[in-house]
Participant: 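Pasting a structure here, questions to come.
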4 protein chains.
Amino acid sequence: MPNKIQVGIIGATGMVGQRFIQLLEDHPWFEVAWLAASERSSGLPYSEAARWKLNTPIPDRVAAMRVHDAVPDGSPKVVFAALDAAAAKEIEPKFADAGRAVITNSSAFRMDANVPLVVPEVNGDHFKLIDQQPTRKRNGGYIATNPNCSAIGLVMALAPIHRRFGLEAVFVTTMQAVSGAGYPGVASLDILGNVIPFIAKEEEKLEAETRKLLGELHNGAVKDASFKISAQCNRVAVEDGHTESVSIKLKKLATHAEMLEAWSSFRSRPQELGLPTAPEHPVIYACGVDRPQPRLDVNRGGGMSATVGRLRPCSLLDWKFTVLSHNTIRGAAGAALLNAELLKRDGYLE
Amino acid sequence: MPNKIQVGIIGATGMVGQRFIQLLEDHPWFEVAWLAASERSSGLPYSEAARWKLNTPIPDRVAAMRVHDAVPDGSPKVVFAALDAAAAKEIEPKFADAGRAVITNSSAFRMDANVPLVVPEVNGDHFKLIDQQPTRKRNGGYIATNPNCSAIGLVMALAPIHRRFGLEAVFVTTMQAVSGAGYPGVASLDILGNVIPFIAKEEEKLEAETRKLLGELHNGAVKDASFKISAQCNRVAVEDGHTESVSIKLKKLATHAEMLEAWSSFRSRPQELGLPTAPEHPVIYACGVDRPQPRLDVNRGGGMSATVGRLRPCSLLDWKFTVLSHNTIRGAAGAALLNAELLKRDGYLE
Amino acid sequence: MPNKIQVGIIGATGMVGQRFIQLLEDHPWFEVAWLAASERSSGLPYSEAARWKLNTPIPDRVAAMRVHDAVPDGSPKVVFAALDAAAAKEIEPKFADAGRAVITNSSAFRMDANVPLVVPEVNGDHFKLIDQQPTRKRNGGYIATNPNCSAIGLVMALAPIHRRFGLEAVFVTTMQAVSGAGYPGVASLDILGNVIPFIAKEEEKLEAETRKLLGELHNGAVKDASFKISAQCNRVAVEDGHTESVSIKLKKLATHAEMLEAWSSFRSRPQELGLPTAPEHPVIYACGVDRPQPRLDVNRGGGMSATVGRLRPCSLLDWKFTVLSHNTIRGAAGAALLNAELLKRDGYLE
Amino acid sequence: MPNKIQVGIIGATGMVGQRFIQLLEDHPWFEVAWLAASERSSGLPYSEAARWKLNTPIPDRVAAMRVHDAVPDGSPKVVFAALDAAAAKEIEPKFADAGRAVITNSSAFRMDANVPLVVPEVNGDHFKLIDQQPTRKRNGGYIATNPNCSAIGLVMALAPIHRRFGLEAVFVTTMQAVSGAGYPGVASLDILGNVIPFIAKEEEKLEAETRKLLGELHNGAVKDASFKISAQCNRVAVEDGHTESVSIKLKKLATHAEMLEAWSSFRSRPQELGLPTAPEHPVIYACGVDRPQPRLDVNRGGGMSATVGRLRPCSLLDWKFTVLSHNTIRGAAGAALLNAELLKRDGYLE
């Protein structure tokens, strides 16, 4: 594989780090060449450092790789990151300073004015913010982010609607899977037979990121979308897949058929460019009266599609529906990977 | 127990029927004297007819009782009912025609103009509708109902707010327990690690019943409350306890402290009269940032209180919060039992 | 696909029927040409007749196929069956009488003297019993069976040990997934947060089938293996994958290394012939101290391998270990499919 | 409550510590007067130090109590302990040295020759070992233990059988609840839809403790029971209640009726003395074909009874059956509390 781009993974032992490794196995453009994690793991072979929790085995080549400290020395030009916010705040700028392209799932810099927060099907043009990052000008390094796992499915469902009809208001109540909290994450005593009606900082992120993602880039700045949004976030006893009950108010009336058509015809640059991780259909409408469901629909489009269902009138706003997306694929590692693919096509990985 | 009122239970073998039996054991006013269920059970001792699913044993006296056909002959004057809507539609009028007081959890007649739909703490005065029922005039028989298990917790949380500040709009997304679907009800393959974003007719019931319950009785008719309400109903992997994410808009501004005070000071006739099944606090505000939770809070007030938590501003309406209530106690058998207690105090069981 | 063998599926709408359809999609040798189910489904397109519960979509071609009555008229020569025992007892002989090769997951005829009960890696030679079936002689029709979902993983783990060292006694306690009970099967109220220490007739099947499968064919009769076996069967809150705690006593002492070697070197005719559904490794030893686990290991070998772990001395017998296998793939539809593949190679599908 | 015995709790914030507080509320003999936990909690009011996970509220009086360091200064004469083994090893002897009666659920000293390991219904006479502890002679202090949560239900079921018929061999496979691992304990990603076939050191404890508990005290030493025992321990997705599949071989043949009679007639000193926490029936035989089940039977006898079911012949040994007990009540805090009650009656709390 001499021509593949060598990539590193910071936070390689966590749940999202594991997904990066799984999704990058046999990737046509990228090859995992370097792994980093916290000091505890430093120097260990990956197979010993990570408590692997996916249902496919660790790729042999990766299992034997040594885990490095999370410092830029010796790391490839392109690094994926999956860190908690506090660690990201400290570590990611060091990599950007050292000229690395940091394509990250971490939340630390998502709302920074010069940092693009991108879902490739929705606002790939926001990557232009990279050009304004001081490190980019100096040595090519930069930070590019993807949204929170609860925002991404919502934004994919809203984007084609917002483009055509304009959003005025959005209500969303989430029922989020435990894998979104990492490992060990949610204690079993807290979730067996239970609902936890709280996820720290999640509602704030979901509200703010949705408006930035659907915002517009003007004169080097993202102007947030102007609709109002109110979120309530709950944790439920589901392994993978965030389900969201959504109600929306539109600026311009849309019929049921027009809504469905907006979703079914939704294609964007990742689809046009045939990016390797892009799903054929970014949004799939599931027809059954009781769909989408995590157990049945979470892996649609290889875990990269958002599945929408139950579109019906809302007696308070205009329409209500349910949306589901895979929180550690489309909502985390797959999101960053698709970002990387679009960045490559747009010349940002040179 | 010579002075206790003899009561019957129609639909005694189902999940709600079992709760009736459990809650009526050692009741100070009522005594189970007669059981009825579908033909399949007819003639069997209750212990053989029912697949008992509660974690307290069947009371010995009840275990030995024979199950009757669901016809009024031989039944006591007061009967509790827990039937599916189709069966209730046919059976309950026969009991009312035969002079029985039918205090039912079934949905068939809840929205009928002459049938009271009552939560004793909220709209006990609606029982006056009974006087308009033709059977009541003829031979004393009548039908009195309690709401759907998803409506009751919501209404308890909304009632003191509506009284003081006036509701303009209500958004509610439910995460409902499987016991609400009876037995066998929800298949395990449908709910393990899953969310089902649909419960047949539930959203319609929840929207309509909430407005009737908070409506006002004028000149012998209930005028529904005028606020708008939009509901989304989901099934989750919880045994007992419906959790609901709620947002509301008020006519008159209320501060955080005023909202809490409205809930904490909420008392009503069941509390004043000291009805045996009435909880001391109809609404309890749970202070923890991640409360209420089914596992921890569902049995508050003996399963008869609604627990509210997470009151915070809503960026779209005014306030948002979470409410939890026990769906087969406060949301079903306990609701009917408290109705019966208030009916007795108001002279409707004479 | 002109040269593929046309196959039918009886019981096509159930959980195992769905797995047949999923596993037969893009099969190199077989093509689904005919579907049958109970009268209720007769005449409907498959997509309406079946409540599809797998997380891959119904293949388009199959979705549109009409479901037939379960009678042989018009059915292909080769039919897969997945029926409850009572229906199988009546229906399967009619297909064999009509000259069909009935390759079935049903339990009705497994213990019949002339009916082969086969796991291809273990006792493929038992297929010779087919030649003794009267229908086979008359018109080519016959019945061939695979074992119960709880027996198959156990037998795969025991077979290489039994061959080398001889089994004297087997203790097995199962923790079985809900999908083994079909749909709707186990009620959610019975399994959420629960263990059910009983599965009707399962212990009897597991004990009897294990001894037949490891028995030997002499003079046209299977002589059951002579070891004693005692089974205890439990249902747990797992979607797919039966886990079994096993203890064994051997005739000939085996070291830890010899046990592992027996498993790792286990290959059989399906592997030698390269049958399409045969896993490369019929038995995989999982090294982690806490493995195998359904969530992590159930899909090994495409769901066709048995995963063994935790081999350690038993203070009562000789060795104890845990074995896991996928109950609706290796334990049902995949088992029948692999049987069909071996039957084809052995000339029984001509 | 002037005459109640003041007690302390070491490890008061953990899951078992919380159960101690719950069970001691309104106890007729004991009163919680002192709480200790790790340094992190020191000085905080209990309501802030503990993450309370029980479904009854923290008693108000306890909520306001300050948590102390786990040192004997200022502690009452009688302390309950619930510590992990490493902490117990260090801390408990300090309390015994300081003259305290340490009644502990910790595992550190259970197998020590001079430390009684007691289930009051089974081997309360073993408390005499206390007299041999050097601290007891010096200043009255001592350590008394109860068994592991997986051993206690088994031992209660075995004790009456062993007394009458003599055990020769015991096979046991456990399916253990997550609360047995404390909080946060088992990660939800490890147990949702899963079985973990391993619990560290559990099989060793279960085998060794069972033989000590059923052993006999001769000349100041416990001689372990001589039967062989082999255990396999699994973790399942259950909140409370360990279920165990058991097979036994007896020295003297017992009929089905004799087995049932041995269990139903089992009474012991706690019952004779009417100890407050003693269940009326230490062992209850559940008649249903699919019982006992955690959801339905775990709270029998207030969580202090062991429930047995499914007695049937074993094709390898003599009899097999299922036993269930509550792992944090009978298997932990309730066990220690009942030990304390018997110790009081036997004069060891003077």
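Reminder, nothing fancy here: chain letters follow the sequence lines and each chain counts from 1. Here the structure is a predicted model, which is why all the values come from computation and not from measurement.
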Participant: Excluding sequence neighbours, so at least two apart, what forms ring pair (Phe, Tyr, Trp, His ring centres under 6.0 Å) with F80(A)?
Facilitator: F20(A)
Participant: Examine whether an atom of L296(C) lies under 4.5 Å from a heavy atom of chain A, and if so say whether it belongs to the side chain, the backbone or both; otherwise answer neither.
Facilitator: both
Participant: What are the two closest heavy atoms between N299(A) and N55(C), and how far apart are they?
Facilitator: ND2-ND2, 3.7 Å
Participant: What's the shortest heavy-atom distance between E239(C) and E239(A), and which atoms?
Facilitator: OE2-OE2, 4.4 Å
